[in-house]
> 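Okay, here's the structure, questions in a sec.
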Amino acid sequence: MVTIAEVLAWKPSVIDSLAEYFYDKRTIVVRLQDEINDAKPPESWVAPARDDALKAYEDKRLLLNDLAAQLSDLALAAKEAGKEIEGAQNDLHTVLDQASGEGYKVNHQTGEVEPPHLEPPKNPMRPTSHFQEDQRLYEEEMAEQQLRKADFVGLIEKAIKRAETADVGLAKSMADVATNETRGGSGSLQEASASQLPPSLDGMTPQEIAEKFGNEIAIDTMMAQLEVGIPIYKAINLDFGGEAQYSVMQNGDVKMSLKTAVGLGLGEDGKEVEGKIGAGAFTEYELTFKSQEEAEKFLDGLDDAAVKGLLGGQGARQAAILAYINEHDVTSAKVGVYGKGEIGFETPYADGGSSGRAEGWYDGKKDGGEFGIKVEASLNANVAVGDSGAKSGGSADFSGEVKTDKQGTPKEITLKGALTGEMANNKFGLNLPGVGSGGGGDVELKMDNDNVMWHEMNEALGKGDMSRATEIAMDHGSVVVRATTVTTNDQDISSIEGGVERTSSQHTWMRPPNTNEFVSFDPDTTRPAADDSVAKR
């Protein structure tokens, strides 16, 4: 096992640079596909040397495929190793700071944790009730120290294991390339490149991978319009209104997006935020709950929070609601604007005339600050049918967002849209049950800068080519497809007027990034409180 000192001395930035080097080289190789196609001996060539020439050509083509796969494998392994080692270092710094703050000493070489010294009570000639109480308290504190020590040791070992796993994964990828174990297959250079998985997913079955991504697969989604405080005073509508969308995920968590009225939550940093992106037009919170009941209880509590601030005017009501929201697990707080801001929006896909840029946002809760821009895209999928070569396909319209850093550099793209049966069948080979070619469902595409094809995605976004970006995300990102039904029903939630629109999954498929095989889910057996197993299609 490596030591704390060794892990803290590792330089993830160097590994990141190595990953970028491999990404760049892989891009050069993949772009040789046209030259490879043009170099193939023509069918019209008839000569004694033709067979030898074709064999030499195919050998070189397959060798180049292997090179593309090996560069992709190294790029992915290095990218994941850098990310995981940096995460392990952050974990170690956190636990070391906690331990030091509580008086514990941690040996960076051995990992041994030493609790602060406790002076035992002095034993009098004759035991007294005071001594016995002091002795009891001493023993209790010693026991608590041992438990806390075990906590620190466990956290340290977990962080070191995380770093070791990343190190081993990178070493294995390098060894596989060195021994020519990583092969590219007989397809195109792009297929050879995209067939690689990061070490953390390598060797896992599609079922295991889908279970790993369970917190990203929504089984049921509810949309509710909010009008807080209607039973008390209509005027509260001016202070707080909006919508809540919450999704029951495959792993049982409930993720809620709570979109509120103008500028709620700017707080003391309001002027600073407005200086970066303009006046706040809305605030959108992201919260996570352990069950649907918790989520609905939270919505019920919004009324109570509004009532607490009734006598203090608009500011007091907003403060009371904001305080209530922040009592919960808020993972994101986006302040949104309509129009161009100074930072994060000067990008072609946001400002170059592409359709669908409706709004942007700034999230100060994310490390270093995160920006996002709403986008829209459409995609046609046509495939040849039978020997006639006739085309049959479908189309899909998508809306979503591109997340960027402060410099406007894209980090992640998420797209959601309706999916026709034809599109599902032709693009993914999925037969949506009960809908036929005229029916459909919905699809979510997601891709981030850890993906082996992110360079191509970045190029498409830089050109404002959202159709190309959608195609790349559909081919190489993570994909969740759902055959759904939509119902509207009344809910006993005082904050909600007009009922809740519920989208329920009849069937769900999930495909991890850069893989071809979908895993099928039966929601009746995978909804929380039921069988959580994943059935393979």
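Residues take their numbers from the sequence shown, with the count starting at 1. Only heavy atoms go into these numbers, but all of them, side chains included; no hydrogens, no water, no symmetry mates.
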> Starting at CD of Glu459, measure out to CH2 of Trp454 and round the result to the nearest 0.5 Å.
12.0 Å
> What distance separates Asn458 CG from Lys411 NZ, expressed to the nearest 0.5 Å?
13.0 Å
> Under 3.5 Å, is there a donor-acceptor pair between the side chain of Arg61 and the main chain of Gly187?
yes
> Distance-only, no hydrogens or angles: does the Arg482 side chain make a donor-acceptor pair with backbone N or O of Ala218 under 3.5 Å?
yes
> Mind listing the closest non-hydrogen atom pair of Met447 and Ala473 along with its distance?
SD-CA, 4.0 Å
> Assess whether a salt bridge exists between Asp253 and Lys290, defined as any Lys/Arg side-chain N lying under 4.0 Å from an Asp/Glu carboxylate O.
yes
> Quick one: do the Gln190 and His476 side chains pair a donor with an acceptor below 3.5 Å?
yes
> Any ion pair linking Glu181 and Lys172 (charged N to carboxylate O, less than 4.0 Å)?
no
> Please check if the side chain of Arg50 supplies one atom and the backbone of Trp45 the other of a donor-acceptor pair under 3.5 Å.
yes
> For Leu189, does its backbone N or O pair with a side-chain atom of Ser193 as donor and acceptor, under 3.5 Å?
no
> For the residue pair Glu80 and Ser200, confirm or rule out a side-chain donor-acceptor distance under 3.5 Å.
yes
> A side-chain contact here means heavy atoms from C-beta on lying under 4.5 Å apart; do Tyr246 and Leu287 qualify?
no
> Without hydrogens or angle criteria, can the side chains of Asn90 and Glu86 be said to hold a donor-acceptor pair below 3.5 Å?
no
> Verify the distance criterion only: is there a donor paired with an acceptor across the side chains of Ser257 and Glu286 at less than 3.5 Å?
no
> Determine all donor-acceptor pairs shorter than 3.5 Å in which one atom belongs to a side chain in residues 10-20; sequence neighbours excluded.
| from | atom 1 | to | atom 2 | distance (Å) |
| --- | --- | --- | --- | --- |
| Trp10 | NE1 | Glu6 | O | 3.4 |
| Ser17 | OG | Ser13 | O | 3.0 |

> Please determine, by modelled atom types, if Asp220 and Gln292 share a side-chain donor-acceptor pair under 3.5 angstrom.
no
> Could you tell me the separation between the CG atom of Leu92 and the NE2 atom of His108, rounded to the nearest 0.5 Å?
8.5 Å
> Taking atom types as modelled, is there a side-chain donor on Asn180 or Asp66 under 3.5 Å from an acceptor on the other?
no
> State whether a side-chain donor-acceptor pair under 3.5 Å links Ser505 with Thr484.
no
> Output yes when a side-chain donor or acceptor of Arg511 lies under 3.5 Å from a complementary backbone atom of Gly477, and no otherwise.
yes
